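This report concerns only the one structure given below.
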Amino acid sequence: MKNRSWGGRFKNSQTTEFLKYSASIHFDYLLAPFDIAQNIAYAAALQKAKILNGTEYKKITKALRKIDTEIADGTFDYRIEDEDIHMNIERALNQKIGSLSGKIHTGRSRNDQVATVTRMYMLENCKSIIEMLRKLRKTSLKQAEKYLNHLMPGYTHLQAAQPVRIAHWFLAYQQMFARDEKRFVDLLDAADVMPLGAGALAGNNFGIERKFLAKKLGFKRITENSIDAVSDRDFALDFCYAASVLFTHISRLSEELVIFSTGEFNAVSLPDELCTGSSIMPQKKNPDLPELLRGKTGRLNGNLINLLTMLKGLPLAYNKDMQEDKPPLFDSCEQTVASLPLVIKLLGETKFNTKHLRSKINRGFLTAVDIADYLVLKKMPFRQAHHIVGKIVAECEKKEKTFSHLTLSDFKKHSKLFEKDVFSYADPALSPDRKKGVGMTSETSILAEIRKLKKRL
Ligand code: ARG
């Protein structure tokens, strides 16, 4: 079968295998509502350019609206032989209004058309992701308020390091998600540029009013070089990168929750509704959601590398390779949109086992730095203080003791500078409030941070 839209110069038809192979309708059908909006706006621009008269414009847009309804209610007839969504819609238009449909593609190419509607798809997803990231940030903030006065060990090298407020941990993720939100907000602005009117690559011969078109389609700006307009997929790269960084953060959160929820750590309990049981081991509560989120990060990174590799070395302007931009872009969009509500629930409903954590911070020498700093306040050089506290820790370990078991004379054996007030420095409960600077773990620092965020969110 010859392709009706461009079959004129061909003697032989494409093979069925090749037509199937080169079709994109099985994934670009997602662009349908955007392509309809684009067609309706373009019809108005064609009327302004005197290519369509008023009656023709009305006929075309009425038929397009009908097609839009068919798409929305699931009755639209997608056909693989029409290759992609743009040609499917044009064929449907032809079925409704006959040869008049042939005027809609005047001065336009699928190259500027697809670049435009793929952006529209991405921008819409970007907006809902930004909304969800706001919710996620609010959720971390709420949890921070709830756990303001509870402590947990902070880790480095996954070794218990220093006591921190659980609120501080939640606010760390808040910061990460705030940067993610900014990445999507910046992308939303950078990608808000309309390629339509660029034609195949050189522009169009009809004086199509591009600013008018952009306004109709809700774009802020129009592209400034028609070759670049149809070649540029930076918006898709930027989206996939932003999604990958977001998932990198989500995967770190997930990893922590997987570890914290083990019997060995016993630091958190995850909501039952987001966990699964084992088909054989009745005692199990498996953290499937954070595991899945952690696993999906690989998939999103794959999408980014996929796009980068597809675009590398492509000559200007459009090449069919670029049809392959959609599966990775769509997948990163869909996965992000589907994951965020679950991440919000996971972060918002995870309960910290505060009682167990309290007992935990009393073990493990988490105030070693505080004791060294105590000696520093008594004028000892920090390196010397570090050495002395190291010796105290070694001795405690040998005798299976913690700092709280030590008497003043135990301390004094190591340095004459130790006095009774060392006990307050050895007490993990008192350690966080000594760290009073911006972004630190004292109650005042955290309250200031919460206050600032409440104003912003
Ligand atoms: N389905 C194509 C894509 O997604 C549309 C553009 C086709 N352009 C062309 N010159 N064959 O890239």
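The structure displayed is predicted, hence computed values, not measured ones. One-based numbering, in listed order, for ligands and for the atoms of each.
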* Identify which one of Phe352, Tyr155, Tyr147 satisfies the ring pair (Phe, Tyr, Trp, His ring centres under 6.0 Å) criterion when paired with Trp169. => Phe352

* Would you mind running through ligand 1 and noting each atom that sits below 4.0 Å from a heavy atom of Ser24? => 1 (N)

* Which of the ligand 1 atoms, numbered from 1, are nearer than 4.0 Å to a heavy atom of Asp84 ->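 Atoms satisfying the 4.0 Å criterion: 1 (N), 2 (C), 5 (C).
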
* **N/O separation below 3.5 Å, Asn111 to ligand 1** => yes

* Asked: Quick check: does Gln323 get an N/O under 3.5 Å from an N/O on ligand 1?
  -> yes

Can a salt bridge be assigned to the pair [X] and [Y] using a cut-off of 4.0 Å between side-chain N and carboxylate O?
X: Arg299; Y: Asp331; value: yes
X: Lys326; Y: Asp28; value: no
X: Lys312; Y: Asp321; value: no

* To do: Please confirm whether Phe27 and Tyr29 have ring centers closer than 6.0 angstrom.
  => no

* Nearest to atom 7 (C) of ligand 1, what protein heavy atom do you find, and at what distance? ->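 Checking every protein heavy atom, the shortest distance to atom 7 (C) of ligand 1 gives Tyr318 OH, 3.5 Å.
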
* Nearest-contact summary for atom 11 (N) of ligand 1 - protein heavy atom, Å -> Arg110 NH2, 3.5 Å

* Which value, rounded to the nearest 0.5 Å, describes the distance between Cys126 atom SG and Phe235 atom CZ? ->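 Cys126 atom SG to Phe235 atom CZ measures 11.5 Å (nearest 0.5 Å).
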
* Structure fact -> At under 4.0 Å between heavy atoms, what of Lys326 touches ligand 1? The answer is side chain

